[in-house]
Amino acid sequence: MSSIEIPLRQPFNLAESLASGQAFRWRRKGRAFTGVVCGHLLTLRQQGDTLLAASPDLPDDALAALVPSYFRLDDDLSAIYEELRQDPRAWTAIQANWGLRLLRQDPWEALATFICSSASNIPRITRNVATLCRRYGERVSLNGTAWRAFPSPGALSDAGARALWRAGLGYRADYLADTARSIASGEIDLSALRQADYASAKKELLRLPGVGVKVADCALLFSLEKLNAFPVDRWVLRAVQDWYFEGGHVTEKQIHQWAEERFGPHAGYAQQYLFHQRRTEGRGATPTE
DNA sequence: CCACGGCCTGATTC
DNA sequence: AGAATCAGGCCGT
């Protein structure tokens, strides 16, 4: 068991970041959060400008590398705030959710969970993912509660579509099983997409069943280093319509074009703040309708 | 390129 | 109460 203290020199809000709909496996007990990151059990707690991290199986140095990477502490969030500040709506959302970080997740876990997310809701997604881990994930810790890692592509591929269906995934079971098989067979190398540019990485992901534009953008933003990705889900669609287009009709394609021009290389951060703002405060700033 | 309907499921609404 | 509706979409037409 190792534990470390990480000094926080930038805006950082642990609870906001872990509950912002990017990851679905964190469990809160008081002020502490426990979850599994890249196969390692972690417990985290924020005390002001210090992040306390503990892990039963990682040495100190590995823990000191993993946690800052997961929370993207290498991103200069203050500088990104300054960029986005010129947009009043984005700035409002930032102020209301100060310290919310994008997470750097495992690519397979991010892709798989967002395949599970389609036309679903957070409680159900959380439950589905928990079931998958319980049934097909490798045991992570020996003491106390039996935590499980997110199942590998091979494990879900071997399980098969019928079993995933019985795990409660509904029609997403076929998509997930087929995509797991493609990844397990090496047909597509997710890690390699980290180095690829946004357009070609997205094109690769779109070949996979169950992966459309929105799911691909989530995987690109939350795990594949594409901070310009701007996932458009129902919440973001409504937020952009109401806050930037006076409630008028806008297609998803138009939004992507618009986001690129308006927010540039860090559009993904803008998206995350607008998304979270919309979810937590409703339409808020729109008086009419 | 855009619009539309179907799709597992479960919670909420009318 | 039982039928719509909606939920962090994708896919085929």
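Values below: all heavy atoms of this structure, side chains included; hydrogens, waters and symmetry mates excluded.
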>> Is a donor from one side chain sitting under 3.5 angstrom from an acceptor on the other, for A:E83 and A:H266?
In response: yes
Kindly say whether [Y] contributes a backbone atom to a donor-acceptor pair with the side chain of [X] at under 3.5 angstrom?
X	Y	result
A:Q254	A:T251	yes
A:S200	A:A196	no
A:R148	A:G137	yes

Distance in angstrom units between [X] [atom1] and [N] [atom2], rounded:
X	N	atom1	atom2	result
A:H256	B:dC1	NE2	C1'	15 Å
A:H249	B:dC2	NE2	P	8 Å
A:E252	B:dA3	CD	P	11 Å

Taking the [atom1] atom of each, how far is [N] from [M], in whole Å?
N	M	atom1	value
B:dC4	C:dT5	P	15 Å
B:dT9	C:dA1	P	24 Å
C:dA4	B:dG5	C1'	16 Å

>> Test of understanding: clusters of I, L, V, M, F, W, Y form through side-chain heavy atoms closer than 4.5 Å, transitively. Do A:L102 and A:L220 belong to the same one?
In response: yes
>> Heavy atoms only, 4.0 Å cut-off, all strands: where does A:G210 land among base, sugar-phosphate and nothing?
In response: sugar-phosphate
>> Classify A:V236 by what it touches in the nucleic acid, base, sugar-phosphate, or nothing, heavy-atom distance under 4.0 Å.
In response: nothing
> In residues 113-132 of chain A, which ones come under 4.0 Å of DNA chain C, going by heavy atoms?
Replying inline: A:F114, A:S117, A:S118, A:A119, A:S120, A:N121, A:I122
> Does any residue of residues 168-178 of chain A have a heavy atom under 4.0 Å from DNA chain C, and if so, which ones, in number order?
Replying inline: A:Y171, A:Y175
> Cation-pi between A:R279 and A:W235: NZ/CZ under 6.0 Å from ring centre and within 45° of the ring axis?
Replying inline: yes
>> Could you tell me if A:R278 sits above the aromatic ring of A:W243, with its cationic atom closer than 6.0 Å to the ring centre and no more than 45 degrees from the axis?
In response: yes
>> Assess whether a salt bridge exists between A:E225 and A:R72, defined as any Lys/Arg side-chain N lying under 4.0 Å from an Asp/Glu carboxylate O.
In response: yes
> Are A:K226 and A:D197 close enough for a salt bridge, meaning some N to O gap below 4.0 Å?
Replying inline: no
> When you list every nucleotide of DNA chain C with an atom under 4.0 Å from a heavy atom of chain A, which one comes first 5' to 3', and which comes last?
Replying inline: C:dA7 to C:dC11
>> By the salt bridge (charged side-chain N to carboxylate O under 4.0 Å, His left out) test, which pairs, at least two apart or in different chains, include something from residues 163-180 of chain A?
In response: A:D178-A:R181
> Dot-bracket for DNA chain B: what is it, with Watson-Crick or G-U pairs under 3.5 Å, [ ] where a pair crosses earlier ones, and | for a pair to another strand?
Replying inline: ..|||||.||||||
>> If you take any heavy atom closer than 4.0 Å to DNA chain B, which residues from residues 220-228 of chain A end up in contact?
In response: none
> How are the rings of A:F230 and A:F263 set to each other: parallel, tilted or perpendicular (split at 30° and 60°)?
Replying inline: parallel
> Would A:F245 and A:W258 count as a close aromatic pair, with their ring centres under 6.0 Å?
Replying inline: yes
>> Could you check whether any side-chain heavy atom of A:F222 comes within less than 4.5 Å of a side-chain heavy atom of A:L103, counting everything from C-beta outward?
In response: no
>> Would A:Y136 and A:F150 count as a ring-ring contact (aromatic ring centres under 6.0 Å, His included) here? Give the steps.
In response: CA-CA 8 Å; A:Y136 305 108; A:F150 189 83; over 10 Å; no
